[in-house]
Structure formats: structure tokens, C-alpha cells
Number of protein chains: 2
Amino acid sequence: MKATTRISKEERRREIIEAATREFAVGGLHGTPVDAIAKQVGVSQPYLFQLFGTKKDLFIATVHRTFERTVAVFRTAAADAGEDASQADILMSMGVAYGNLLDDRSLLRMQMQAYAACGDEEIRDVVRDEMLRLVSFVQSASGAPEAAIREWLAYGMLMNVVAVMDLTKVDADWARIMCPVNGTEIVAMAIDAVGKAERTQAKAQKK
Amino acid sequence: MKATTRISKEERRREIIEAATREFAVGGLHGTPVDAIAKQVGVSQPYLFQLFGTKKDLFIATVHRTFERTVAVFRTAAADAGEDASQADILMSMGVAYGNLLDDRSLLRMQMQAYAACGDEEIRDVVRDEMLRLVSFVQSASGAPEAAIREWLAYGMLMNVVAVMDLTKVDADWARIMCPVNGTEIVAMAIDAVGKAERTQAKAQKK
DNA sequence: CGTCTTTGTGACTTAGTAATCACTTACTTT
DNA sequence: AAAGTAAGTGATTACTAAGTCACAAAGACG
């Protein structure tokens, strides 16, 4: 197999992480053979080990990339909200963007895999670190008070679970409790969530 | 190895599921050898296959048990709230009980493993089904409006992530955003969450 | 005490898979 | 074109782990 054109280490690394996201998303760290990732990229399996050292290291690199992409989406959303956007506007914009991001089930599932792998100390440390970055960014970008951010995060986590179960595809009363708008994308939930956060925030500012 | 005393199939099944919860919690479906579970129970590995058929089936049984335990805790908490408890009182009682339940990291991590394994269709169906039972119970036991339950669930999901990362052990500003009371148990968060839910509910009832 | 049912096991098969190593092939530079 | 460097692979090792099967031993019961 030498149909592959040669590209730089860094490029290849990026390609591999993209593929790894898709594969790890389904099987998790232990359920995904490195072979499968290599095959998807069209590169030999030993090369992955040369580039990443260990399967776990590749997993960690993938976790990093996952959170990085999320923060990037938040950054864009915050910028799109405009200069004179209120704190609530910014949270709203980021919430909607996150809802759209969840359409990429690979990214979402990869995030769940990261949480699930927190039984491993090394991975837990990485996940904490990534979460630190994410929360810090949201805080500084929105300027919203802690309580509002917490609530916004809480709804985000609910959205994760809704998305991972593909609840939007379930047409049942109970499903609508978790995800008010069935059959549609989760974005609507984000809007609803930010609406609440806004009220919380208004209260906090009155004090 | 015949130190084991013989007990009924059903008893043994229960023992195995307990051990499986602990093991699967760390390694997930694919990262956990059936051997490890068998060893913990003090029973031979082939016997597990005789009792459960497949590793995946054992995993599914464990998922079932995990949610069952959670609902049981909610049931007790709802009963403990007393006859003339308000809807908010009941949600509060269940929230606090859930916070305490999360001290059992095995149960919590097992729950995350269940979500993470939703890439598998069969497991996803099971998880949906368990979630249906859970949400339905909370709804009927509390009688609270949908929006209040949704918010209560959202904070529950946030608590999950806080617990899985062991954030209560992290003494940093950003950690306090996700988990206001650092160094202490997550219960305080539950109380805070239900406080919010109560307000939401009050609003809904004014309409 | 003998036999029947149920719980349980030792030994094996089969297949996959993380990691390594010696080696090759393409591209770059002088 | 020769020499050097960087990207990439075939073949193999050493091990793990799911699932099977024929068989054993405990208790129940007349």
C-alpha cells in the first residue's frame, strides 16, 4: 500500500486525529483498534505509533483536539454576537453554536468517551485541564456571573445526554421533558436554556 | 478453586452484577475483561457466560441495575419528604439523595459508561428505556411541571460531570463555577439547583 | 444410599491487537 | 548524481481475552 502521497508529520498528525475522533467516538479508548484509525487515514499502523507513541497518547491528543474545537466554536460565536452584545446575548450565541456543534455526533460522543475514561487518572487530569480552559474562556468571553454560567453549563450537559441518546428522534412525551422540541435540532433547547440563564443573571445584577 | 459456597443462580447473578458495576465503571464495556469480574466474585469465568450469555448482555444487565438503583434512591427520597411535601420539597429531597448517591463513584462512572456506549444501537435503546423509566418516575413522584424537571435534570447532569472529574477535590476558582462548594460533597449543589427549580416552578404556576 | 438436578470448573480454541524493528522509498540539498 | 533526511511499511512478537465443551461436585429427595 503506497498509494498515499507523502505529507508532513504535522499534517498527517492532524489527519490521524480527525479519524481517531470518529473511531474513538464509537468504541472509546479500549474498543478501538489502532488499525482501524490507520486504515481510515490510509497509512500503516506502525506509523501511528511512531507519531504518537502510545494508543493512550493518541487518545489524549484526540481529547485535546475535541475540547479545542469546542472552544474555537465558542470563540467564533462570541465574536459573532457583536461588540455591544449583552452578557446574555453572548451566552445565547455560544449556546446556539454549541447546539449546532452537537450535530457532529462524533465530537459529542468523543466528549462522552473522555468523561467515561476519567477512571484513568492521567486522562482525568487532562480532561480537568481542558475543562478549565473551556470554563475560563466562557467566563471571560461572556463576563456573566458564576451562577449564570453554571446554569448555562448545566443545560449544556443535558444537551449532551439528549444528543448521545439521539432523543430528538424519539417521539414520546417523556422525551419532550428532556428535549422540549422533538424532531428538531437541539438548538431550540439552547435558546430556552439561555433564556433561563438570562433571568438568573438579571436577578443577580439587581443585588 | 472450590472455596466458593454454592448459592442460587439468582443470588450469583446479583453478586456478579455488583462486581461488574465496579469493573465496568473503570474500563467500560471494552476495557474490562470478564475474567476480572469473575475473579472478584470468586467464580470461574465460563460460569459468567453460562449465566449471561455474552459480555455485552452482562453489560446491559449492569446498566439496568445502575438505573434501577438510582430510581430506588429517588423513590425512598420522595417517600422521606413526607405526605404534605410540596413539589419543590420532593425535588429537593431527591436531589440531595442523588448527591449522596454520587459518592459511590462506581455507580456514577458506570452511568457515564452507559452514555459512552450509546454508539452501539442496542445499548442506546436500553439506555433510552432506562431514562424513560427514570424521568417518568421523577415526574409522577414530584408532580412538578416539565420545565422544573428539565432544570432539575440539567443540574443532575452537571453534577455527574463534576463527580466524574472529582472536581470537589480541586481547589481552584474555575472549579467553583461548576461546583460552588469546593472540598465538600456535591449535595450542596443539589440544594442550590433545587432552589432554582423552585423559582422556575413558582413562575410557571403564576401563569 | 443412590440418583437426579443444579451449580460450577479445567482446559482449550480462536481471534484480535498493542507495540517493535529492521528496512524501504521518496524527496531535498549541494 | 551522490549523500542525506524525513516519511512510511512488512513482518513479527508476545499477549490478551471472548467464547466453548466436556466434565465434576454439591445438595435435594425418595
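In the text below, chain A, chain B and the rest are named by the order of the sequence lines, each starting its count at 1.
- For B:Arg12, no side-chain nitrogen or oxygen approaches OP1 or OP2 of C:dT7 to under 4.0 Å.
- Atom CZ in A:Arg13 sits about 12 Å away from atom P in D:dG8, given to the nearest Å.
- The residues B:Glu18 and B:Arg65 are annotated as salt-bridged, a charged nitrogen and a carboxylate oxygen being separated by less than 4.0 angstrom.
- Taking atom CZ of residue B:Phe24 and atom C1' of nucleotide D:dA18, one finds them 12 Å apart after rounding to whole Å.
- Atom P of nucleotide C:dG10 and atom NZ of B:Lys39 are separated by 12 Å, given to the nearest angstrom.
- The ring of A:Tyr155 has its center no closer than 6.0 angstrom to the ring center of B:Trp152.
- As rounded to whole Å, 15 Å separates atom C1' of D:dG10 from atom CG of A:Leu48.
- Between A:Pro46 and B:Gln50, the residue anchored nearer the 5' end of DNA chain C, judged by the nucleotide with its closest heavy atom, is B:Gln50.
- When rounded to the nearest whole Å, the span between NZ of A:Lys9 and P of C:dA26 equals 19 Å.
- For B:Asp57 and D:dA18, the CG to P distance is 14 Å, given to the nearest whole Å.
- Checked by distance alone, B:Gln45 brings no side-chain donor or acceptor within 3.5 Å of a matching partner on the base of D:dA17.
- Looking at B:Leu58 and B:Phe24, their side chains come closer than 4.5 Å, going by heavy atoms from C-beta outward.
- Of all the heavy atoms in B:Val73 and B:Ala97, the pair that sits closest is CG1-CB, 3.6 Å.
- Rounded to whole Å, the distance from CZ on B:Arg6 to P on D:dA26 is 8 Å.
- The side chain of B:Pro33 has D:dA18 as its nearest neighbour among D:dG19, C:dG8, D:dA18.
- C:dT20 atom P lies 17 Å from atom OH of A:Tyr47, rounded to whole Å.
- Map A:Phe49 and B:Glu10 each onto its nearest nucleotide of DNA chain C; the residue landing nearer the 5' end is B:Glu10.
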